[in-house]
J.: 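Supplied in structure tokens, the structure appears directly below.
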Amino acid sequence: MSETYDVAVIGGGPGGYVAAIRCGQLGLNTVCIDAWKNARGRASLGGTCLNVGCIPSKALLESSERFFQVQHDISAHGIKVENAAIDVSAMVARKDKIVTTFTAGIASLFKKNNVKSVHGTGKLLKRDDSAEAWRIEVVDGDTVQHVQAKHVIVATGSVPRQLPMITVDNDRILDNAGALSLSETPQRLGVIGAGVIGLEMGSVWRRLGAEVTILEAMPEFLMAADAQIAQEARKIFTKETGLKILTGVKINAINTGDAQVTVDYLDAEGNAQQLLIDKLIVAIGRVPNTTGLGVDENGLKLDERGFIVVDDYCRTSLSNVYAVGDVVRGPMLAHKASEEGVFVAEAIAASVNGDGQQHEVVDFNTIPWVIYTAPEIAWVGKNEQELKAAGIPYKTGQFPFMANGRARAINAASGFVKVLAHAETDRVLGVHMIGPHVSELISEAVMAMAFSACSEDIAAIVHAHPSLSEVFHEAALAANNRALHI
Ligand code: FAD
Ligand code: NAI
């Protein structure tokens, strides 16, 4: 009989690897099974986020933004740079190095926290009621091994949603992995889907000189965001970044030839149009990944969209089997996945140690969203259209970066911060930002909401001068009709 672990985690992305580390820290005998292989065919921990998601995309966004600034913004500081050029291979190699460093770092963290790492695809086998542990079959090529554990955490993540009429080949038709690994800047780039990936990857290649056209099915731009933020973003992305964004589009056909890709679509007015491009990124959302997990046999319940069904405590339909991250309901974000991983690890440790301590469930309302474009977009809580639809009385306070000294000093004064607070109680209900470094500024808003702050509480806090955070402060003052610098 092989060793029985306290916990087996299936999936080594930010949901799974963080859960495994926390289990290890809490003294649980833990194994993490992960199937990811990098482009060189080597096992690589970190899942989508580290290999082809959050980290590599931010590396390329940074490089491309610096190149763009050298070309367009730096002259405002009196700095002259002539004949600036970009070496795309070097840029991509830098990104790859960051990825390798971090994925290897997870292997070290596993060692440090006594987490055993097993490479391969894990299938949760059907269990009879008398068995005391779950058995997982792990397949890696011709090698098959079995792992036994009392508790299982499924963190198998998500994969890109496909268009029915075309197959991603990562040559001309790219998904996120292909879009992060181009060896040169395409002259004409098409993107299907003006969501988070479409905007981030479209920005990268636009800043490096590609003509970028984004085709979006929805009638409005960035419908998940506050409508006012979305409107401002569209204006800036069109005028300053130079993205061509078409909404209300219906894709009819996509054909690839040796020389180019042809996209036939109907525009918002219903007129037939054709887009000719060199490369096409398909970024139309992601779907939960349960491939290879054995759901047909083990009885793990999925919902109609393929997500593993869980309750607020991330418990699945099977006893002692939990699921976290992109493979379950809620925002598909790395920090949400990790937070659920920690929560489940602590819940398992509490049940194993018998302390019965009930941990607080993850609050989706205080999970921040960030889109790493220039300017960045960030929000937390409810937006104005959601408050209107729910009939919640609210007041708003808004302040532009243009009136902020630090924003002017760094030559990045587009955008604004908007605070939404309850009209009667003044409790902060949502904060929406577009502007420089708002990926960092949003944390203060998250903290405020997590501690149930009122807009007056934020208004009463001293913010350093000159700093971008003063814009949040002034927006909170504005919600109380007390803004000073406007
Ligand atoms: P994943 O990261 O998808 O990891 C799942 C792992 O499980 C993978 O390694 C997979 O190989 C493995 N696996 C699957 N099935 C099995 C099996 N049967 N057996 C063994 N292993 C298996 N989120 C942010 O918060 N911020 C960002 O800036 C951000 N940027 C992104 C940029 C891009 C281009 C993309 C595509 C995504 C981005 N995301 C971002 C989303 C983020 O990557 C995901 O929300 C996050 O990775 C989800 O973590 P996870 O652990 O649930 O799943
Ligand atoms: P998304 O859901 O953000 O956007 C997809 C877009 O494609 C939507 O606007 C949708 O209306 C559109 N679309 C769908 N079908 C279409 C069609 N047939 N034709 C034209 N448009 C169509 O999904 P995306 O960009 O693929 O990203 C997936 C997820 O990854 C995100 O939702 C997010 O959870 C995560 N992510 C997070 C990032 C961050 O936090 N900064 C960065 C990148 C991804």
Side-chain angles (χ1 to χ4, degrees), residues 2 5 7-21 23 30-56 96 99-100 102-111 115-126 134-149 151-162 168 170 175-178 180-181 286-298 300 302 306-308 316 321-328 332 334 337-338 340-341 344:
S2 60
Y5 290 93
V7 184
V9 182
I10 308 180
Y17 87 75
V18 169
I21 289 173
C23 286
T30 306
V31 59
C32 181
I33 302 155
D34 185 65
W36 197 282
K37 274 191 168 64
N38 65 19
R40 280 161 289 143
R42 298 215 186 107
S44 183
L45 291 165
T48 304
C49 171
L50 263 77
N51 288 288
V52 292
C54 325
I55 301 301
D96 288 341
V99 169
T100 313
F102 273 90
T103 54
I106 297 175
S108 309
L109 288 171
F110 276 0
K111 278 204 188 98
V115 174
K116 182 159 184 222
S117 185
V118 172
H119 181 75
T121 301
K123 177 179 174 183
L124 186 64
L125 300 178
K126 188 170 164 41
W134 286 99
R135 273 167 65 78
I136 299 159
E137 178 191 81
V138 185
V139 179
D140 180 21
D142 296 338
T143 313
V144 180
Q145 55 180 309
H146 287 88
V147 166
Q148 240 174 234
H151 304 87
V152 177
I153 304 174
V154 179
T156 48
S158 63
V159 289
R161 184 195 302 281
Q162 306 289 331
V168 167
N170 277 331
D175 60 14
N176 53 297
L180 287 162
S181 293
R286 294 178 65 83
V287 290
N289 176 24
T290 50
T291 314
L293 202 55
V295 289
D296 291 339
E297 295 150 57
N298 59 33
L300 194 59
L302 306 184
F307 289 96
I308 296 175
T316 70
V321 177
Y322 300 78
V324 302
D326 280 11
V327 78
V328 302
M332 284 183 161
S338 299
E340 285 182 333
V344 167

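In this text, all values refer to a predicted model and were calculated from it rather than measured experimentally.
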J.: Which atoms form the tightest heavy-atom contact between S44 and N51, and what is the distance?
T.: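 Result for this residue pair: OG-OD1, 2.6 Å.
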J.: For a quick test of reading the model, state the closest non-hydrogen atom pair linking V52 to A177 and the distance between them.
T.: CG1-CB, 3.8 Å
J.: Just verifying a value: how many Å separate S117 OG and L109 CG, rounded to the nearest 0.5 Å?
T.: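 Those atoms lie 11.5 Å apart.
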J.: Would you indicate whether the side-chain heavy atoms of T316 and V154 approach each other to under 4.5 Å?
T.: no
J.: Could you walk me through whether I21 and F110 pass the side-chain contact (heavy atoms from CB on, under 4.5 Å) test, one step at a time?
T.: CA-CA 6 Å; I21 289 173; F110 276 0; 3.9 Å; yes
J.: Show the nearest heavy-atom pair for residues M332 and S158, with the distance to one decimal.
T.: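 Heavy-atom minimum between the residues: CE-CB, 3.8 Å.
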J.: Is any side-chain heavy atom of V168 closer than 4.5 Å to a side-chain heavy atom of P160?
T.: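 Answer no - side chains too far apart.
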J.: Side chains of L50 and W36, heavy atoms from C-beta outward: is any pair under 4.5 Å?
T.: no
J.: Heavy atoms, side chains only, cut-off 4.5 Å: are Q148 and R135 in contact?
T.: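 In short, these two side chains touch, coming nearer than 4.5 Å.
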J.: How far does CG of D296 sit from CG of L302, to the nearest 0.5 angstrom?
T.: 8.5 Å
J.: For Y322 versus H151, what's the shortest heavy-atom pair and its separation?
T.: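 Of all heavy-atom pairs spanning Y322 and H151, the closest is CE1-CD2, 4.4 Å.
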J.: With no hydrogens and no angle check, is any side-chain donor or acceptor of T30 less than 3.5 Å from a backbone partner on V115?
T.: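 Such a contact is absent between T30 side chain and V115 backbone.
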J.: Ignoring hydrogens and angles, tell me if any N or O in the side chain of T103 forms a donor-acceptor pair with the backbone of T100 under 3.5 Å.
T.: yes
J.: What are the two closest heavy atoms between A20 and C32, and how far apart are they?
T.: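 Answer, listing the atom of A20 first, then C32: CB-CB, 4.1 Å.
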J.: Is there a side-chain contact between I153 and C23 (heavy atoms, below 4.5 Å)?
T.: yes
J.: Quick one: does T48's side chain have a donor or acceptor within less than 3.5 Å of a partner on G53's backbone?
T.: no
J.: Without swapping roles, check the side chain of N170 against the backbone of D175 for a donor-acceptor pair under 3.5 Å.
T.: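 A pair under 3.5 Å: yes.
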J.: Can you tell me if D34 uses its side chain to pair, donor with acceptor, with the backbone of Y17 under 3.5 Å?
T.: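 No, D34 side chain to Y17 backbone: no donor-acceptor pair under 3.5 Å.
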J.: Find out whether N176 and R286 are in side-chain contact, i.e. whether some heavy atom of one side chain is under 4.5 Å from a heavy atom of the other.
T.: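 Sidechains of R286 and N176: in contact.
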J.: Sequence neighbours left out, cut at 3.5 Å: what donor-acceptor pairs do the side chains of residues 136-145 make with other protein atoms?
T.:
{"unit_1": "D140", "atom_1": "OD1", "unit_2": "K37", "atom_2": "NZ", "d": "3.0"}

J.: Has the side chain of T156 got a donor or acceptor atom that lies under 3.5 Å from a matching backbone atom of N289?
T.: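 A pair under 3.5 Å: yes.
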J.: Specify the closest pair of heavy atoms between A8 and V147, including all atoms of both residues, with the distance to one decimal.
T.: CB-CG1, 4.3 Å
